[in-house]
Peer 1: 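What follows is a single structure, and I will ask about it in a moment.
This one's a predicted model, so the numbers in the text were calculated from it and none came from an experiment. Proteins come first, then strands; the chains are lettered A, B, ... in the order of their sequence lines, and each starts at number 1.
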2 protein chains.
Amino acid sequence: MSFDQRLSLLLVEDDPALGPLTAELLSDDFRVELATDGQTGLRRALSATWDVLVVDRGLPLRDGASLVAALRAKGVATPVLMLTALGTTEDKIFGLDAGANDYLTKPFDAGELVARLRALTRTYRAASMVLPLGEWELDAATRLVTSPYGDRIPLTETESAMLRTLATEPQRVFTRAELLQALFHAEDTPGVIDTYVHYLRNKISKTAVRTVHGVGYQLGEP
Amino acid sequence: MSFDQRLSLLLVEDDPALGPLTAELLSDDFRVELATDGQTGLRRALSATWDVLVVDRGLPLRDGASLVAALRAKGVATPVLMLTALGTTEDKIFGLDAGANDYLTKPFDAGELVARLRALTRTYRAASMVLPLGEWELDAATRLVTSPYGDRIPLTETESAMLRTLATEPQRVFTRAELLQALFHAEDTPGVIDTYVHYLRNKISKTAVRTVHGVGYQLGEP
DNA sequence: GTGGTTTCTCAGAACTCTCTAAGAACTCAT
DNA sequence: ATGAGTTCTTAGAGAGTTCTGAGAAACCAC
């Protein structure tokens, strides 16, 4: 169980030639999973947390635009690049308005696809990457948590990653399975999560992470 | 005096014909300001907070890509759509890697431009199930009741479920049998309901649940 | 290699939640 | 005012969940 720096990408493409080819093409920069129909694609999109989705417009069982619309209706904000053979402006507008963030028509240039995906997944932070945690803050680069009084607490990489994950959506309650997926890309041994929550509470404060009994964990107030 | 709902957009475009035309085109959906060279564009981009920028690639005084790179270097994360006459894939990749979020080549379709800008500025609100309870509210996911003063009271799953059930029809009086059915799919031991009503009143307030003698319970005023 | 750190597993302890049960307090029609 | 019915309150046992610490394994820098 170890870190994979690549971002996770769900590719939904039914073409038996283009699908694996595109997956291969993207595998340098992304951890790619391939789904070959809209139904499966939607299920996989919902069953894990992805950094970005690439969705073909014309898909069996469920249309790409409908897939994206369904995701958006559920409040999933993951960036989506829609891929399609249909090239008219109306198609593009329809796809974008369904909830896609970008739209690329086939045949596309491999370099452009990767560049657009980079643009979609890129996040900007002033100077060093510092996330506010209520009164506290976490510098992701140095992995130092700073208290309002100026105390600085060093975190390990996993501890920092967990705190960052929780901080991405402070309101949300993350299940053990979700955290396990986000931190380790694993599905078994959810007990690790408890242990790291324990570490964080020891290092920062008892209330840094809130337990929602029977559900999971949520960012608390340090 | 009324609030201008439109999003703010800074258009940086030097073409004396295309600039005002595009500004006009976008003015239905955006509050547009036009800058006609890269230097001025960068200054205006930094001197205010914009919802989105549209930047031409070829600009006098400072190139569009350099403008965006400068913004990004300062940690400005505003979405940028780059507009250009140069259409090669290398140009697109260069523009995107400079920090643009989207790239459109001239001549572009007005509808597509607007659709892409909508996609860039769109934000998804996670469908957080928050029910209003008079002055108070209950977040179903975190099971936290928030008072008008900001106090947050954690509920257990059953307490939260009961409050949610009562809140579905605030006017209605629920019999014990109905609540029992809704919460436990049970028919016996209606005494549990009383107990949980008691818990809710303890945690929130005496008046959170109203008793209708001989009938059942109703949502009260916390 | 060696020593130090970090990561992961595990199992018992501690805790929370749920639901029952039973007496006390209340309500209301007579 | 009385009593039958209804509601409130409290305590506690059982099931399940979470916490915690200790040790083994992996990793890393020297």
Peer 1: Can you see whether A:F174 has A:R172 sitting over its ring - NZ or CZ less than 6.0 Å from the centre and within 45° of the normal?
Peer 2: yes

Peer 1: Contact class for A:V209 (heavy atom, under 4.0 Å): base, sugar-phosphate, or nothing?
Peer 2: nothing

Peer 1: In degrees, rounded to 10°, what is the bend between the two ends of the helix from C:dG1-D:dC30 to C:dT30-D:dA1, using five pairs at each?
Peer 2: 40°

Peer 1: When the distance from CG of B:L179 to C1' of D:dT7 is rounded to whole Å, what number comes out?
Peer 2: 14 Å

Peer 1: Closest nucleotide of DNA chain D for A:G214 versus for B:V215: which of these residues is on the 5' side?
Peer 2: B:V215

Peer 1: Using OP1 and OP2 only, check whether a side-chain N or O of A:H198 sits under 4.0 Å from D:dG21.
Peer 2: yes

Peer 1: Rounded to whole Å, how long is the line connecting atom CD1 of B:I193 with atom P of D:dC8?
Peer 2: 12 Å

Peer 1: Search all heavy atoms of B:M162 against all heavy atoms of B:L179 and return the closest pair with its distance.
Peer 2: CE-CD1, 4.3 Å

Peer 1: Just jot down the side chain to side chain contact (heavy atoms under 4.5 Å, CB included) partners of B:A177, sequence neighbours excluded, or say none.
Peer 2: B:T175

Peer 1: Look at the side chain of B:R176 and decide which nucleotide, out of D:dT6, D:dT18, D:dT9, has an atom nearest to it.
Peer 2: D:dT6

Peer 1: Would you please name every residue forming a ring pair (Phe, Tyr, Trp, His ring centres under 6.0 Å) with B:Y196, sequence neighbours left out?
Peer 2: B:Y199

Peer 1: Apply side chain to side chain contact (heavy atoms under 4.5 Å, CB included) to A:Q181 and list each qualifying residue two or more places apart in sequence or on a separate chain.
Peer 2: A:A48, A:H185, A:E187

Peer 1: From CG of B:L200 over to P of D:dT7, roughly how many Å is that when rounded to an integer?
Peer 2: 17 Å

Peer 1: What pair of heavy atoms forms the shortest contact from B:L71 to B:L46, and how long is it?
Peer 2: CD2-CD2, 3.7 Å

Peer 1: For A:E24, check side chain to side chain contact (heavy atoms under 4.5 Å, CB included) against everything at least two apart and list the hits.
Peer 2: A:S27

Peer 1: Can you give one letter per nucleotide of nucleotides 17-22 of chain C, going 5' to 3': B for a protein heavy atom under 4.0 Å from the base, S for sugar-phosphate only, - for none?
Peer 2: SBBBB-

Peer 1: Starting at CZ of A:R210 and ending at C1' of C:dC15, how long is that distance when rounded to a whole Å?
Peer 2: 16 Å

Peer 1: I'd like to know if A:D56 and A:K106 make a salt bridge, using a cut-off of under 4.0 Å between side-chain N and carboxylate O.
Peer 2: yes

Peer 1: Please determine which of B:L219, B:T158, B:L131 meets the side chain to side chain contact (heavy atoms under 4.5 Å, CB included) test together with B:L163.
Peer 2: B:L219

Peer 1: Write down the distance between CG (A:D194) and P (D:dT17), rounded to a whole number of angstrom.
Peer 2: 12 Å

